[in-house]
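Everything below concerns the one structure shown next.
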Amino acid sequence: MFISIEADKCMGHGRCYAVAPDLLTDDDEGFVAERGRCWSIPDSLVGQAEDAADACPEGAIAVLAAATPTDA
């Protein structure tokens, strides 16, 4: 599984890293530090990734079965 965070959509609400502390962190400005990335996540963190995606009011986070070619 993969998690992708669209930098353009992230508005810095902070809900994602609050519900997924083992997967996501915040930067100095309160945004999720991993925005703009797509990366593989271990099976043990898929639940947190899904929680983060559900918590994002902007829809910036997606949990994917495979990375898209533009995320490589």
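Transitive grouping of hydrophobic side chains (ILVMFWY, heavy atoms separated by less than 4.5 Å) keeps V46 and F2 in distinct clusters.
Between D22 atom CG and Q48 atom CD the span is 4.5 Å, to the nearest 0.5 Å. A distance of 3.5 Å separates CD of E34 from OG1 of T25, quoted to the nearest 0.5 Å. In this structure, CZ on F31 lies 9.0 Å from NE2 on H13, to the nearest 0.5 angstrom. Atom OG of S40 and atom CG of L45 lie 10.5 Å apart (nearest 0.5 Å). Considering SG of C16 and CD1 of I3, their distance stands at 8.0 Å, rounded to 0.5 Å. We find the CD1-CD distance between I41 and E50 to be 7.5 Å, quoted to the nearest 0.5 Å.
The nearest pair of heavy atoms linking A53 to I61 is CB-O, 3.6 Å. Heavy-atom minimum distance, A60 versus C10: CB-N, 3.9 Å. Contact detail for V32 and I5: the closest heavy-atom pair is CG1-CG2, 3.9 Å.
Panel note: side chain Y17, backbone D27; no donor-acceptor pair is recorded below 3.5 Å.
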